[in-house]
Protein chains: 2
Amino acid sequence: MCNYIVDMSDDPASSSPSPFDAMLCFDVYAANLAFGRVYKPLLDPLGLTYPQFLVMLSLWMADGQSVGRIGETLGLDSSTLTPLIKRLEGASLVTRLRDTRDERRVLVSLTPQGAALKSEADRVLTCVTRNTGLESETARQLREQLRQLRRALQQPLKG
Amino acid sequence: MCNYIVDMSDDPASSSPSPFDAMLCFDVYAANLAFGRVYKPLLDPLGLTYPQFLVMLSLWMADGQSVGRIGETLGLDSSTLTPLIKRLEGASLVTRLRDTRDERRVLVSLTPQGAALKSEADRVLTCVTRNTGLESETARQLREQLRQLRRALQQPLKG
DNA sequence: CGGTAATATATCGTGCGCGATATAAGTAAC
DNA sequence: GTTACTTATATCGCGCACGATATATTACCG
């Protein structure tokens with residue numbers, strides 16, 4: 001498990017402001033892929049992909065959200081969500097209904113089957129949490145740093 | 001910018017070991033997408049996608065790596081890398097040559113044009129680094145935590 | 001040496017993620 | 001109310017990410 005990019009950061013020559021600090025992007029990228037690989041075998045039995053799982057999580061927390069609202073939460077737009085949610089609808093996990101108060105919107109709601117999947121999903125979350133090897137407090141701090149990073153990156157580019 | 005999932009972590013009910021601690025996966029996911037969006041407009045002029053950029057970074061650090069070696073570094077396999085590298089070859093940024101000492105391997109090497117792109121890429125890295133809003137030391141610590149997380153996730157599942 | 005297992009890369013199908021574009025519904029100005 | 005503008009969702013094409021599979025080369029073992 002030798003890794004050029006990773007090892008580079010331990011190179012004394014790259015300490016203090018250097019281009020290699022920007023390789024944070026790579027570690028985020030690799031960590032995200034690693035999560036996906038852990039989730040896949042756990043989510044397969046539920047018939048969910050990882051992004052579908054995130055949409056379901058959003059709905060388990062607040063049912064009946066519009067497509068745009070879900071997209072705001074997850075940072076995705078309709079070109080990604082529409083087909084994804086249609087697949088969830090095809091699996092009878094959600095319904096898609098036009099908002100009668102604003103016909104532009106589509107409200108996504110859990111079916112009984114979709115709602116029932118929550119308990120199994122909670123078990124998946126617990127399993128993954130164990131396998132991060134992080135203390136609850138450490139994970140909380142890491143999440144806070146990542147949210148801050150995301151916020152900074154969403155600002156218009158400076159320079 | 002109200003976010004159900006994010007806000008959930010501040011709910012007192014979810015402190016200490018709870019399923020929501022596992023939402024770390026979501027913050028990693030969202031941070032990765034945010035990086036991709038920052039990089040896109042900067043990489044478009046170079047004719048590179050973000051994953052292609054990561055492959056080039058790997059080659060700028062160590063030229064002439066095999067496909068598998070690059071995959072080890074980035075956490076990708078040949079089904080992703082082969083077509084990606086062929087596109088880099090099509091753009092005349094790399095060459096692909098069978099290793100004469102082990103004909104199973106394909107060695108990927110920078111062309112002069114590919115090597116020349118490094119200086120522009122360094123500028124992109126510097127620009128993104130500025131926009132993470134993180135001190136060099138903070139970024140270093142965050143990277144270390146993410147690498148540790150990745151390592152933990154790559155272990156066989158426990159439980 | 002021959003046969004089998006392991007390794008390295010390539011191919012294919014599916015589902016994201018996103019820019020560009022289209023369409024329809026709501027909003028504002030006059 | 002008609003025109004112009006904005007908003008919400010949908011469609012399309014491209015490039016990744018990955019499981020499953022194929023093929024070729026090397027390594028191992030009798």
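In what follows, every heavy atom counts, from backbone to side chain, and hydrogens, waters and symmetry copies are set aside. In what follows, chains carry the letters A, B, and so on, assigned in the order in which the sequence lines appear, proteins first and then strands, with residues in each chain numbered from 1.
- When every heavy atom of A:L43 is checked against every heavy atom of A:Y50, the shortest pair comes out as CD1-CA, 3.7 Å.
- Here A:S78 lies in heavy-atom contact (under 4.0 Å) with a base.
- The distance between atom CD1 of A:I85 and atom P of D:dA8, rounded to the nearest whole Å, is 15 Å.
- Remark on DNA chain C: of its neighbouring residues B:D77 and A:D102, the 5'-side contact belongs to B:D77, judged by nearest-heavy-atom nucleotide.
- For the OP1/OP2 pair of D:dC16 and a distance below 4.0 Å, the side-chain nitrogens and oxygens of B:T49 include at least one atom meeting the criterion.
- Between the side chain of A:S58 and the backbone N or O of A:I70, no donor-acceptor pair lies under 3.5 Å.
- Here the C1' atom of nucleotide C:dT23 and the CZ atom of A:R105 are 18 Å apart, to the nearest Å.
- Among the atoms of the strands shown, only primed sugar atoms or phosphate atoms (P, OP1, OP2) are found under 4.0 Å from some heavy atom of A:L84.
- For A:S79 against D:dA10, a side-chain-to-base donor-acceptor contact under 3.5 Å is absent.
- A side-chain donor-acceptor contact under 3.5 Å links A:R98 to the backbone of A:R104.
- You'll find a donor-acceptor pair under 3.5 Å spanning the side chain of A:R104 and the base of D:dT7, going by distance alone.
- The shortest distance between the side-chain N/O atoms of A:R98 and the OP1/OP2 oxygens of C:dA25 is not below 4.0 Å.
- Between A:R101 and C:dG26 there is no side-chain polar atom (N or O) within less than 4.0 angstrom of OP1 or OP2.
- A single hydrophobic cluster is not seen to contain both A:W60 and A:L107; linkage of ILVMFWY side chains at heavy-atom distances under 4.5 Å, directly or through other members, places them apart.
- For the pair B:Q52 and D:dC16, the criterion of a side-chain N or O lying under 4.0 Å from OP1 or OP2 is met.
- Between the CZ atom of A:R96 and the P atom of D:dA8 there is a distance of 17 Å, given to the nearest Å.
- The two residues A:L84 and A:V55 make their nearest non-hydrogen contact at CD2-CG2, 3.7 Å.
- Nearest to the side-chain atoms of B:T82 among the listed nucleotides D:dA17, C:dT9, C:dG19 stands C:dT9.
- Between the side chains of B:Q141 and B:E137, at least one donor-acceptor pair of N or O atoms lies under 3.5 Å.
- Between the P atom of C:dG17 and the CG atom of B:D44 lies a distance of 19 Å, rounded to the nearest Å.
- The nearest whole Å value for the distance from the CG atom in A:L74 to the C1' atom in C:dC18 is 15 Å.
- Following rounding to the nearest Å, B:R37 (CZ) and D:dG15 (P) show an atom-to-atom distance of 20 Å.
- Residues A:P83 and B:S66 both approach DNA chain C. Their nearest nucleotides, taken by heavy-atom distance, put B:S66 toward the 5′ side.
- Checked against C:dC18, D:dT9, D:dC16, the side chain of A:L76 finds its nearest nucleotide in C:dC18.
- Here B:K86 reaches the OP1 or OP2 of C:dT11: one of its side-chain N or O atoms lies under 4.0 Å away.
- When heavy atoms are screened at a 4.0 angstrom cut-off, B:L33 is found touching the sugar-phosphate backbone but no base atom.
- Spacing between atom CG of A:L107 and atom C1' of D:dA8 amounts to 11 Å, rounded to whole angstrom units.
- Residues A:Y29 and B:D99 each lie close to DNA chain D; by heavy-atom proximity, the contact nearer the 5' end of the strand is made by A:Y29.
- For the pair A:L81 CG and C:dG15 C1', the interatomic distance rounds to 13 Å; values are reported in whole Å.
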